[in-house]
Structure formats: C-alpha cells, structure tokens
Amino acid sequence: MSKRLFVVLSLLVVASLILPACASGGKGGGTIKIGLLAPLSGQVPTFGLSNKEGAELAVKEWNEKGGVLGKKIELIIADSQCSPDPAVNAANKLIDQDGVRLIVGETCSSASIPVAEIVNQKKVLQISPTSTNYSVTVDANGVTRPFTFRACFIDPFQGLVMAKFATGKGYKTAFIMFDQGNDYVRGLAEAFEKAFTELGGTVVGKESYTSSDTDFSAILTKVAESNAEVLYLPDYYNIVNLVGAQAKDKGVTAVMMGGDGWDSSDLDVKAADGGFYSNHYDPGDTRPIVQQWLKAYGAAYKDAQGNPKVPDALATLAYDATNLLIAAVEKAGTEDPTKVAEAMAAIKWEAVSGTITFDAQHNPIKSAAVIGVANGKKAFVESVAP
Ligand code: PHE
C-alpha cells in the first residue's frame, strides 16, 4: 500500500469512529436524549400508544421553540410491555446502548418498580407519568429513591377517593377482586379496603386471580351470592372488559368501581356500564392549559374516522411528565441527572393534569377525577382534592 493511500485510509477510519458519536449526541453533540419506556405491545397497547403520542408532542413543541439548553431533544422509544422483564431489558438498552440518562416511564407500576432499582444504581433519572403504586419512588426500606419521580398521584389516595365516593353514595358493602401478581392492582385493592373499612363499610368478600385468567365465573358467582353493593375491580381495561361482560351475564347487580387502569379508548363501555373509576384529569376542565392541550392533541392525532382524538390520561400524563423533565433540565442548566433530579425536586410546574410540586417521596399532590360510565359514554362526575 502506498504511504498516501495508507494515510487517507487511516483518516477515514478515524473519521468513521468520531462522526457517529457526534451525530448521536455523545459528549459535545447536538442533542439531548430522552428515553421513553412505553408498553406499545403486550396486554395494554392503548397505554403505549397514548404515552408515545403525548411524549412526542411535548418534544415536538420544545424543539419548535429551539429545544433546551441550545440543543434539540431526541426521543428514543423502547417497548416495555407493561411487564417487569421486558421493561428492565428496555431500560438497560436505553441506558447502555443508546446512552440515555433521562427516562420517561414506565406506565405500569409492576414495570416501573424494577426499572427504578436499575436507574438508581446507574444514576439515571426516571419520571413515570402514570405509575401510582407507593413503592415506585420509595425503596423497600422506606427511603425515597433519589433518581425516581412521578407525575401522578398515588394509590393510597386513589383508593381513598373511590372509598369515599362509594360510602358517599350510601353503599355499605363491597366485594374486591384483584390480580395477586400485579403490584398496581394488589396495592390499589389494599388501599381501597383500608379506606372503605375506615369509613364504616364492610368488605364482604375478596378473591384473587392471575393475569392469564379469562373465565371469572367462579368468582362472580360468589360476588352475586354476597349481595355486595360495590364490586371493586382495580385492574386494567382488558380485564375490566372481561369481568364486566361476565358479571352482567351472571346477574351481578353490584356497582363496579375501579381506578385509573380503566382509562382506555378500548374500555368496553357496555361491559363497564354503570361503573365508576378514579382518573387523573377531566377533558372538560376549563383551565386554558387543558383547552390548549386538547386543541394541540386533536390537531396532531386523528381517530379511525379521521376525527380529532381526545387525549386520555395516559397521553396527558406522558405530555406532562416529558414537559416537566425538560423544564427541570432547563432549570438545572445541565442534563446531568444528579443536577436535574435536584432541580426537579424543587420545581413548581403547571401541568395539564394540575400544578406539580413534589413531596419528600417525589410524589406530586394532585386532585383526582371520578368518571362514570353510562349510556355508552364516559362522563366526569366530580373532582376530589387530597
Ligand atoms: N396507574 C397504573 C399503574 O400504576 C397505570 C395507569 C395509569 C393506567 C393511568 C391507566 C391510566 O400501573
């Protein structure tokens, strides 16, 4: 090989090593990376799609205003399936392969809890938009996880909201059905039981099932026999659809109630008819920030008929969490997760789902909305403050 050719080839090799690092925003590069852990596949895909749409819109709006700290924001999405192992793999991929140090996600508590273990070891910042289980931001010793935050209220509050709602309607007896293996469902069932009992109600039956169950007739027979006035079912919409339809077949008369996991465009409003659930926001809220969000989302996303989509709580909280994270980066003046966490802990941010300030456990203090399902529609019933 001639000397000149050798020099040219060597330069090409060096350039090929340096250039991708710049382009992908490595140190000194042009972008700030945000990872999104979204359950795009698995049991609850509407959660993932809503998350993606909310986060993408937030990033687009920041980038149109010039990004943050003079850099464009790059959103890298990983499918985490609302499940512990896929979520851990997706988080490791974002951190170790994509070089992400700031993560929005996961949606589901059972996925966010193991991810919280990892990000706190690796000193990567995590904000979950929607994981409501108490243990997401607090470790097994009760110590606040320094790198984990969330944009939503927590299940002890959400359980209390529905217990108050049920007793307020004069109901005195409840039957609780829950998935033993799902941190969110189990935690919310416990929270409701505690609050309902403290408010003078009686839990007349409690039965567990597993996430792979599809036939609930044995349990529903017990529900019917118990004559409970309320059937509390704090699971995701896919299970609510099955249980609701079978309960109607079995002649169960108890009023079904649940939590934010019911929130989906795929909730079967026939199966859930007559039911109520707690949720994070009400699209009828007249605050300008809510109306502006509805407009922006409807302009960006259309349903199957081509009509503007109305954002659900998942999309709204993903939008809020992403905005909050970027605002904290701006406030910190750096993308260093330790500094961003400090900035976030002290932030006051007006989000679509309410004004966010964090308590010592990195939980925002926010109101809940009670939503009723009737005549094929979901409608706002009342707002409950903490
Ligand atoms: N709160 C649920 C969980 O912790 C996730 C969820 C939030 C689902 C909002 C639907 C709507 O697993």
Side-chain angles (χ1 to χ4, degrees), residues 36-40 42-55 80-84 86-87 104-116 126-138 148-162 178-192 211 233-241 257-267 272 275-283 310-321 351-354 362-364 366-371 373 378:
L36 174 70
L37 291 171
L40 294 167
Q43 299 294 311
V44 287
T46 70
F47 292 176
L49 179 63
S50 293
N51 256 217
K52 175 174 176 289
E53 290 179 343
S80 43
Q81 298 180 35
C82 182
S83 187
V104 176
E106 223 256 8
T107 300
C108 304
S109 294
S110 343
S112 287
I113 294 169
V115 168
Q126 170 192 25
I127 176 161
S128 166
T130 54
S131 288
T132 45
N133 183 276
Y134 179 74
S135 303
V136 172
T137 58
V138 171
T148 301
F149 293 77
R150 70 177 118 209
C152 52
F153 53 62
I154 58 173
D155 289 333
F157 171 62
Q158 183 173 198
L160 173 64
V161 165
M162 288 317 284
F178 67 104
D179 177 350
Q180 177 65 45
N182 182 314
D183 292 318
Y184 160 69
V185 182
R186 199 183 51 244
L188 189 47
E190 278 165 16
F192 176 84
S211 63
L233 176 65
D235 209 326
Y236 301 133
Y237 66 90
N238 58 320
I239 300 295
V240 177
N241 289 350
M257 294 190 189
D260 54 353
W262 287 30
D263 185 48
S264 169
S265 53
D266 283 355
L267 177 73
F276 297 91
Y277 62 100
S278 44
N279 206 359
H280 301 270
Y281 107 118
D282 159 33
V310 178
D312 59 15
L314 281 302
T316 304
L317 285 170
Y319 180 74
D320 282 349
V352 177
S353 59
H362 294 174
N363 298 321
K366 288 157 76 194
S367 297
V370 177
I371 311 288
V373 187
K378 296 173 252 184

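Start at 1 with the first residue, then count along the sequence. The structure presented is a predicted model; accordingly, all values stated were derived computationally and were not measured. One-based numbering, in listed order, for ligands and for the atoms of each.
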Task: Per-atom contacts, ligand 1 versus Thr132 - under 4.0 Å to a heavy atom - done: 1 (N), 2 (C), 3 (C), 4 (O)
Task: Thr107: numbered ligand 1 atoms lying under 4.0 Å from its heavy atoms - done: 3 (C), 5 (C)
Open item on the list: For ligand 1, which is the ligand I care about here, please tell me if His280 has any N or O atom under 3.5 Å from one of the ligand's N or O atoms.
Closed with: no
Task: Nearest-0.5 Å distance that lies between atom CG in Asp260 and atom OG1 in Thr130 - done: 7.5 Å
TODO: Go through ligand 1 atom by atom and flag the ones less than 4.0 Å from a non-hydrogen atom of Tyr236.
DONE: 3 (C), 12 (O)
Task: Expected output: side-chain Arg186 to main-chain Gln180 donor-acceptor under 3.5 Å - done: yes
- [ ] Mind checking the CD-CG spacing from Gln126 to Leu37? Nearest 0.5 Å is all I need.
- [x] 7.5 Å
- [ ] Heavy-atom distances under 4.0 Å are what count here, so tell me which part of Asn279 touches ligand 1: side chain, backbone, both or neither.
- [x] neither
Task: ligand 1 contacted by Tyr237 (non-hydrogen, < 4.0 Å) - done: no
Task: Ser109 contact mode with ligand 1 (heavy-atom cut-off under 4.0 Å) - done: both
TODO: Look only at the side chain of Lys366 and the backbone of Ala151, and say whether a donor-acceptor pair between them is shorter than 3.5 Å.
DONE: yes
Task: Minimum non-hydrogen distance to atom 9 (C) of ligand 1, winning option of Asp260, Thr316, Val185 - done: Asp260
TODO: Would you check if the side chain of Thr107 reaches a backbone N or O of Cys82 as a donor-acceptor pair within less than 3.5 Å?
DONE: no
- [ ] Look up atom CD1 in Ile113 and atom CG in Asp183, then write down how far apart they are to the nearest 0.5 Å.
- [x] 4.0 Å
- [ ] Indicate yes or no for a side-chain donor-acceptor contact from Asp312 to the backbone of Ser264 under 3.5 Å, with no hydrogens or angles considered.
- [x] no
Task: Contacting atoms of ligand 1, where contact means under 4.0 angstrom from a heavy atom of Ser131 - done: 4 (O)
